[in-house]
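To start, the structure itself, in structure tokens.
Below, chains carry the letters A, B, ... as their sequence lines are ordered, and counting in each starts from 1. Just so it is clear, the values below take in all heavy atoms, side chains as well, and ignore hydrogens, waters and symmetry mates. None of these values were measured; they are calculated from a predicted model.
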Protein chains: 2
Amino acid sequence: MDHPLIAKLEQFSRLSDEDRRTLEILTEGPVRRFASRADIVREGEAPRAVRLILSGWACRYKQLPNGRRQIVALFLPGDLCDHNVFVLSEMDHSIGTLSPVALVEIPPPAFEEMMTVRPRVTRALWWESLVNAATQREWILNLGGRDAVERLAHLFCELFYRLRGIGHMQDGGCDLPLTQTDLAEVAGLTPVHVNRTLQSLRRQGLLELRGRRLTIPDLPALERVASFNPNYLHLDRVGARFDA
Amino acid sequence: MDHPLIAKLEQFSRLSDEDRRTLEILTEGPVRRFASRADIVREGEAPRAVRLILSGWACRYKQLPNGRRQIVALFLPGDLCDHNVFVLSEMDHSIGTLSPVALVEIPPPAFEEMMTVRPRVTRALWWESLVNAATQREWILNLGGRDAVERLAHLFCELFYRLRGIGHMQDGGCDLPLTQTDLAEVAGLTPVHVNRTLQSLRRQGLLELRGRRLTIPDLPALERVASFNPNYLHLDRVGARFDA
DNA sequence: ATCGAGCCATCACCTGTGTTAGCGTTCTTT
DNA sequence: AAAGAACGCTAACACAGGTGATGGCTCGAT
């Protein structure tokens, strides 16, 4: 398998062999593995290292006193849990897995040293954190401005682009470990209504969803339904990699 | 009036006279003024400088093709529009004013130079950008997990803390330039329902709102209604400034 | 002094989503 | 092989919030 962080950053800028090697060395620490549905960090704990997801799906989530849980971000392979967390004394949210996950923890000093010697990588990492922020904003728009059908359609469009960027889409399809309850916690809906909404998307031929496999037969159509605009992903070099 | 950025950063760490002077010099460029309801930057434009709000209220917003507008962040005096935007080639959202605004634009080189010579300020700026990210997450939770009453109550709690941090709360009250339509665009509601909800908050004695002035007579009560937890604002030094 | 534009308020009605409950299937565990 | 848990699906009903329309107030422009 290709290195997911390198694959991700190369969507933004071309990296030299030297850059790539630096990233490989940085992330070759011991691999930590987590079961599905386990917590990686909990709200209230002190942040320690920078974490890189190597495989599997994870999420940031926050819990309300009434028991409701809201997923506020999804982590896919190649995603970093914010570079500078260690400035903060306490986590304001938890990070948990949605499937079995493998990750490495990058020691902050190694991270900072790399920033001084590899400017192109540093710039690419700034890009990645700005894209994260933009994605958060898009989720706010999604929750505040779109109805259930548009909201789920938008989520699947985003996942399509993000998974393709790390080479996880094969012929319009991907593995989707999320349950309908997970989707509900992402979309701010109830599981029942997620089910209704998925039925509707399927009936319209916008989605196939069998077992743990998602297929998007007609991405442009889905994008139209979602009023999806990928500009917030800032995929500057995408033409170089995916055009015919 | 005190320097709003310095006031803000001192909620996180104590700054030296030297640090303060550096920040003052950095932000003493020409002041640009905008009328109320004007755009500062538009989606699609290339980002240029780092902007610091000196006075007035502004917002990031995104527009849906159906005309709906969603405010995804509020800027108060002392707030910076992300440090590193200039890495991106194109804005994915617009920034507009909600009241008359004065701001300075900090040239990126000056910014970067400061980062190399004033580590404590740099750290404080990291803190500020992490707090921004945390606030975005909290807004996602707000939209996804809370009903209209809780949502508006939460917003007013957040504004209380943020305004207090920059010295803009006087005896439990502040000026609130937002119209009910603005509140609707923040909270993902219709203006009509915002009106209903404000009535309800007023009837419960949680809020006074006359003219452009907001008073919160009983913050703890409002916090309870909102299930507000200020941990996401990471006000590490707050005890040093506001305790009796 | 008058006009018009915002803004706040209110009403009646409608609809998207939540709630509760139940059933069948598939996976896991033993 | 059996039992239980998790998950997907459905249905009937309830309600929070959206829609559209209207009136009154305030305030700046003419």
Side chain proximity check, A:K62 to B:E138, heavy atoms < 4.5 angstrom: yes
Side-chain heavy atoms of A:L222 within contact of A:L207, under 4.5 Å: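 Answer yes - side chains close enough.
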Relative orientation of the end axes in the helix from C:dA1-D:dT30 to C:dT30-D:dA1, expressed as an angle to the nearest 10° (five pairs per end): 50°
Sugar-phosphate only, base, or nothing, as touched by B:R210 at under 4.0 Å among non-hydrogen atoms: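 The answer is nothing, as B:R210 stays clear of every strand by at least 4.0 Å.
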Taking every non-hydrogen atom, the tightest pair across A:A134 and B:D92: CB-OD2, 3.5 Å
Closest approach of B:C174 to B:L163 (non-hydrogen atoms, all atoms of both residues): SG-CD1, 3.5 Å
Taking salt bridge (charged side-chain N to carboxylate O under 4.0 Å, His left out) as the definition, give me every residue that meets it alongside [X], ordered by chain and number, with sequence neighbours left out.
| X | value |
| --- | --- |
| B:R151 | none |
| B:R212 | none |
| A:E128 | A:K8 |

Atom CZ of B:R213 with >12 non-hydrogen neighbours under 6.0 angstrom: yes
Neighbour count above 12 (heavy atom, 6.0 Å) for A:R202 CZ: yes
Salt bridge (charged side-chain N to carboxylate O under 4.0 Å, His left out) partners of residues 48-57 of chain B, not counting sequence neighbours, each pair once: B:R48-B:E105, B:R51-B:E105
Interface residues of residues 180-196 of chain B with DNA chain D (non-hydrogen, below 4.0 angstrom):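 Those residues whose heavy atoms fall under 4.0 Å from DNA chain D, taken from residues 180-196 of chain B in numerical order, are B:G188, B:L189, B:T190, B:V192, B:H193, B:R196.
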Range on DNA chain C touched by chain A, heavy atoms, distance below 4.0 Å: C:dT17 to C:dT20
Side chains of residues 180-192 of chain A: which donor-acceptor pairs under 3.5 Å do they make with residues two or more places apart or in other chains?
unit_1: A:Q180; atom_1: OE1; unit_2: A:N195; atom_2: ND2; d: 3.0
unit_1: A:D182; atom_1: OD1; unit_2: A:R37; atom_2: NH1; d: 2.9
unit_1: A:D182; atom_1: OD2; unit_2: A:R37; atom_2: NH1; d: 3.1
unit_1: A:D182; atom_1: OD2; unit_2: A:R37; atom_2: NH2; d: 2.9
unit_1: A:D182; atom_1: OD2; unit_2: A:T179; atom_2: N; d: 2.9
unit_1: A:D182; atom_1: OD2; unit_2: A:T179; atom_2: OG1; d: 3.2
unit_1: A:E185; atom_1: OE1; unit_2: A:R69; atom_2: NE; d: 2.8
unit_1: A:E185; atom_1: OE1; unit_2: A:R69; atom_2: NH2; d: 3.4
unit_1: A:T190; atom_1: OG1; unit_2: A:H193; atom_2: N; d: 3.3

Residues in side chain to side chain donor-acceptor pair (under 3.5 Å) contact with A:E158, at least two apart in sequence or another chain: A:W139, A:R162, A:Y232
Pair A:N231-B:E43, side-chain donor/acceptor within less than 3.5 Å: yes
Modelled atom types, side-chain donor and acceptor of B:N142 and B:E150, under 3.5 Å: no
By ring-ring contact (aromatic ring centres under 6.0 Å, His included) - contacts of A:W57 (at least two apart):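 Testing A:W57 for ring-ring contact (aromatic ring centres under 6.0 Å, His included), a comparison that skips the adjacent residues, returns none.
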Residues from residues 141-155 of chain B lying under 4.0 Å of DNA chain C - heavy atoms: none
Where chain B begins and ends its contact with DNA chain D, read 5' to 3' at 4.0 Å from heavy atoms: D:dG17 to D:dG20
